[in-house]
Asks: 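Sending over a structure as structure tokens; questions will come in a sec.
All values reported here derive from a predicted model rather than from experimental measurement. To find a chain, count down the sequence lines: A is the first, B the second, and so on, and within it residues start at 1. Values below: all heavy atoms of this structure, side chains included; hydrogens, waters and symmetry mates excluded.
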Amino acid sequence: DTEVTQTPKHLVMGMTNKKSLKCEQHMGHRAMYWYKQKAKKPPELMFVYSYEKLSINESVPSRFSPECPNSSLLNLHLHALQPEDSALYLCASSQQTGGQPQHFGDGTRLSIL
Amino acid sequence: EDQVTQSPEALRLQEGESSSLNCSYTVSGLRGLFWYRQDPGKGPEFLFTLYSAGEEKEKERLKATLTKKESFLHITAPKPEDSATYLCAVRGNNNNDMRFGAGTRLTVKP
């Protein structure tokens, strides 16, 4: 079992739907991350939050909107996604954005119809 | 720009057949080199962090080593449950994020 919890585990949505992915950690970490992973590829960074503030946005389309309500929670709001957005979305956390390791959740498997 | 290259892309071993996975990197000021294991449909599981050349870390059948240009993940007498994709990542001074390699898919046959 991981210490980073992601919900839902699976999500199927149409291109006009609005949905949210949720991530929670209770390790006291102050940095949280969203990654996108396609099959047989490494994770690709999307967003980094440090002390609840967005510090990195890797040129992600605006149809993905991150939110960090508090130090334990991270959301990813989805709207008007495209079929190519189908992927495994991973959340991770680390003590800070330094040289500490990131700990990953098991992800949300997203399918866009 | 930081770069990470892992080899081989895929590795098939018999149970008990020891081997090594390679991670070559170029980075401006290494702040950490990380090894992860990923099973299908799961998130990456943290294994080791190495910070400076000469450093070594061990966990069960796995041993990670680091030089100024590369890291090795040595697997001693592997078992079928060691089958997974092993990912290497680096963090340098110029980035607030990790740069991942493409991974090595390890299969251990009984």
Asks: Non-hydrogen atoms of chain A under 4.5 Å away: do they reach the side chain of B/Gln38, the backbone, both or neither?
Replies: side chain
Asks: Given A/Trp34, which partner from the list A/Leu21, A/Asn57, A/Leu90 fulfils the side chain to side chain contact (heavy atoms under 4.5 Å, CB included) test?
Replies: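 Only match with A/Trp34 under side chain to side chain contact (heavy atoms under 4.5 Å, CB included): A/Leu21.
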Asks: Between B/Phe48 and chain A, with a heavy-atom cut-off of 4.5 Å, which part of the residue counts as in contact: side chain, backbone, both or neither?
Replies: neither
Asks: Using a 3.5 Å distance criterion without hydrogens, assess whether the side chain of A/Ser55 forms a donor-acceptor pair with backbone atoms of A/Val48.
Replies: yes
Asks: Sort A/Glu44 into side chain, backbone, both or neither according to what part of it lies under 4.5 angstrom from a heavy atom of chain B.
Replies: neither
Asks: Are any of the side-chain heavy atoms of B/Leu62 and B/Ile75 separated by less than 4.5 Å?
Replies: yes
Asks: Do A/Tyr35 and A/Phe104 have ring centres separated by under 6.0 Å?
Replies: yes
Asks: Using a cut-off of under 4.5 Å on heavy-atom pairs, state which of A/Lys41, A/Gln100, A/Gln6, A/Lys40 scores highest against chain B.
Replies: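 Option with the greatest count: A/Gln100.
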